[in-house]
Amino acid sequence: MSTHSHAEEHHITSNKTYIVVWAALMVMTAITVYVSYINFGTFNIVIALVVASIKASIVALYFMHLKFEDSITWVFALFPLSLLALLIGMTITDTFTRTIVP
Amino acid sequence: MGDGSVEHSHGHHMDPAVEYSSSKLGMWLFLGTEILLFGGLFAAYAIFRAKYPEMFFEQHVELNKKMGAVNTCILIFSSLTMAMGVSAMQRGKQKVTAILILITILCGLGFGVVKYFEYSAKFHHHIYPDTSIFFSLYFLMTGLHMLHVFIGLAILAVLFVLTLKGKFTAKYNTPVEVGGLYWHLVDLIWIYLFPLLYLIG
Amino acid sequence: MANHTIAHNVYVPFLEKKGILSWILTTDHKRIGILYLISISFFFLVAGVFALLLRYELLTPASDFVQPHTYNVLFTLHGSIMVFFFIVPGLAASFGNFLIPLMIGAPDVAFPKLNLGSYWIYLLGTVIVLIALAKPADTGWTFYTPYSATTDTDVVLITLGVFVLGFSSILTGLNFIVTIHKMRAPGMTWHRLPLFIWASYATAVLQLLATPVVGITLLLLITERTLGVGFFDPAKGGDPVLFQNFFWFYSHPAVYIMIIPAMGVISEIIPVFARKPIFGYKAIAYSSLGIAFISFLVWAHHMFTSGISDIAATIFSFLTFLVAIPTAIKVFNWTATLYKGSIHLHSAMLYALAFVFLFTIGGLTGLFLGALAADIHLHDTYFVVAHMHYVMIGGTVMGFFGALHFWYPKWFGRMFNETVAKIAWFFIFIGFNVTFFPQFFLGVQGMPRRYATYPAEFESLMSLSTYGSWILGAGIIIMTVNLIAGLINGEKAPQNPYGSLSLEWQVPSPPPLENFEEIPHVTDWSYGYGKKK
Ligand code: HEM
Ligand SMILES: [Cu+2]
């Protein structure tokens, strides 16, 4: 037991990394705003959501340190998202395959 | 424990390493709950947006893209200062942490002020939650988000005071890190709300 | 106490401290468990009285005892209180709190203060609902739109109360997940955990991740009534079936929040009184997680007649059958554990056996309802009422009563009268079946649920069902009196009356304040019965 250190090492992210991440977030925000002025049809939605998801991922990975967490944290970070996808996916399936759309 | 800043139920002391990882896991679980709480609104958005694309398109132009963008920048910046605050505390720099948390709080308040102007402009134009499905979504999604901003601000205020009092050290800073996680969630949700409501309506 | 000199060896039972403050401010998981136990038992009895009133109205075809509106209010209150106040917090909050730290060898849950907070939030929810009783809702516990958005009874307060109760449930689940991950004693590996812990873990995941969806759904209903939001209102471009989709996204997993802990209880009781190691430990353990997972995939089987699309209905009907697999795995393993065991019919064991038998009926009739074609006929008839009571009483309540009788000596340090307990069990078992078995026939013959009156042709079966409810009520009264009498003048309980192997039986009855004098080192699972001695 004595070899087992209690003051568990945890990773401290450097400010440089944070600022790089922040700059990336700002650039991506600028991109989405810019793209919203151009009409790509449905692609506007796709672009906006993809960019938002990249932004959200790097916030989670770096600002929230998910990158350095154990697997159980990953499970509980991702599982709710799959449930959300299920809720949206199956509700949409129902709503848009009805013979009489209310 | 040494610093005695955490009291336990009936005097038994929890191993600080266990307490640290427990609190963090607990907060991640809570964030999962929060995501699914917002989930109902996201699902409603998806359905009604697919059902009434014209309505979303016509009405989203009523929203003020610039204010939305400004608020996005404010929140992202506040996430940066929060993250830096956590790292500063892990290095034991109490003063720096306090300043960074204070900046985070100011950003949160700034976000609220911008939102206040947005809402009053809407009310001025007689746009309310019952105006249309789109505006119901707008008000409920941003309203629930605003509620989370306020809760986050309350947490940050407590952390600020405790940091000033010197309750946290390089060894013991669990509340700062866990509170920070909550604040980042506020940012995460907004990252989706902004494009969904202001940009691709 | 003053005479003892070796301070750290003094055994102070957790019940020692007296005074109301020592209860409402306690962070001891065993006391919080008692607080929940008292609260849920109280609400069980209250809602049970409503049930007897409902059945009394149904004794004769006419609405001669109460008006139809009163009947609607009564079944709303009966259903809501039974579901949200009794059975959802239920075993998880009461026995979960008491047992989880003891069984995994921990001094308490991971967040003791949060645990107390959950209880207060639960109380807050009950108070809100009590206020709502000034103008009680008549929507049924499902609060379906569009009726719930338009009725002039008080829907806002009761749904707000349920929303608050949901938060209590979420925080309890969160606490238990973290506790099971982080607080296990050295040597308590996942595959040595008692099966009740596996069940509690699966339940906690559902509490954590399904409840927020009903939370937002009820909030949307509230905004519909207060702010004029129209997500569920066709006149405003909304869709009432959307409410049902959201509602059942929670409420189907919720039925597993109700039943999985009871399955855990049964897995503990059966090996002890069959004196055999549990058969198929891993299968039972992982099937709990399997059930929890699949339960997210089947919600629309409650909506086959609500106008959902044929494609969705077919997918959901198919997925519903999948739940039968992990459920049957459990039933087979319990039966295999019983096989060639030396069975001792303690009252707790009687409840466990009743569970296996009645739950199997409840589960199998669920498959009828999950089959698309059959459900078109059976939906909203008494077949559904019978099915759900076979699952909820035959399953969960039997598990709850079993747990009460099994852990009673440990929790309170006293014994109840075993003979009286067996008599009560007999009344409950007979009464339950007489009440609810006829309802399967009523349902097949087309008697719809939620009506205060019915055609004369149903009278004989309907009044039989009402007579049964009296037998059932008598049994519950006998049981309650017996358990309370045991608290007052029961014999002192030994530490381990049944020779159980799990950790909670290795500490005195009632357990000391800190559970374990020293955190135990676990070297084996707790089901090695019948090996030696
Ligand atoms: C004490 C024995 C019980 C009796 C005699 C009883 C009787 C009844 C009756 C007569 C109804 C109304 C059926 C209708 O007209 O639609 C009903 C509905 C219901 N009961 Fe019970 N019940 C009992 C226990 C329970 C328990 C223990 C639970 C759950 C834990 C429960 C949950 C429900 C629910 C959810 C409904 C549906 C209410 C609705 O239709 O909205 N009941 N029960
Ligand atoms: Cu279901």
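Order of the sequence lines fixes the chain letters, A, B, ..., with proteins taken first and strands second; residue numbering starts at 1 for each chain. These numbers were taken from a predicted model, which means no experiment stands behind them.
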Straight-line distance of A:Y37 OH to B:L199 CG, nearest 0.5 Å: 8.5 Å
Spacing of B:L75 atom CG and A:T29 atom OG1 [to the nearest 0.5 Å]: 10.5 Å
Exercise: identify the closest heavy-atom pair between B:R91 and A:S14: NH2-CA, 3.8 Å
Under 4.5 Å from a heavy atom of chain B, the part of A:T32 involved: both
Charged tip of A:K55 within 45° of B:F194 ring normal and under 6.0 Å: no
Shortest non-hydrogen contact between A:L49 and B:Y192, atoms and distance: CD2-CD2, 4.2 Å
Contact origin within B:T72 toward chain A - heavy atom pairs under 4.5 Å: side chain
For the student: nearest non-hydrogen atoms of A:I92 and B:A46, plus distance: CD1-CB, 4.0 Å
Residue among B:F42, B:W183, B:F77 with most heavy-atom pairs under 4.5 Å to chain A: B:F77
Separation of B:S79 OG from A:Y18 OH (nearest 0.5 Å): 10.5 Å
B:L80, part contacting chain A, at a heavy-atom distance under 4.5 Å: both
A:M64 CE to B:L185 CG distance, which is reported to the nearest 0.5 Å: 6.0 Å
More than 12 heavy atoms of other groups within 6.0 Å of A:Y62 OH: no
Residue part contacting chain A, namely of B:L31, when any heavy atom lies under 4.5 Å: side chain
Whether over 12 other heavy atoms sit under 6.0 Å from B:F123 CZ: yes
For chain A, the option from B:L181, B:T33, B:I35 that forms the most heavy-atom pairs under 4.5 Å: B:L181
Within 6.0 Å of CZ in B:F150, more than 12 heavy atoms from elsewhere: no
Steps toward side-chain contact (heavy atoms from CB on, under 4.5 Å) verdict (A:I45, B:L196): CA-CA 8 Å; A:I45 309 176; B:L196 287 180; 5.9 Å; no
Listing, residues 73-86 of chain A side-chain donor-acceptor contacts under 3.5 Å, not counting sequence neighbours, or none:
{"unit_1": "A:T73", "atom_1": "OG1", "unit_2": "A:D70", "atom_2": "OD1", "d": "2.6"}
{"unit_1": "A:W74", "atom_1": "NE1", "unit_2": "A:L66", "atom_2": "O", "d": "3.1"}
{"unit_1": "A:S82", "atom_1": "OG", "unit_2": "A:F79", "atom_2": "O", "d": "2.6"}

Leading residue by heavy atom contact count with chain A [cutoff under 4.5 Å; candidates B:G39, B:A43, B:S87, B:G68]: B:S87
Nearest-0.5 Å distance, CD1 of residue B:I191 to CE of residue A:M28: 8.5 Å
Rounded distance (nearest 0.5 Å) linking atom CD1 of A:I88 with atom CD1 of B:I47: 8.5 Å
Nearest atoms (heavy-atom pairs only) where A:F63 meets B:H184: O-NE2, 3.5 Å
Chi angles and distances behind the side-chain contact (heavy atoms from CB on, under 4.5 Å) call for B:E177, A:H65: CA-CA 10 Å; B:E177 185 163 351; A:H65 307 151; 3.6 Å; yes
Residues, nucleotides or ligands: over 12 heavy atoms within 6.0 Å of B:K65 NZ: yes
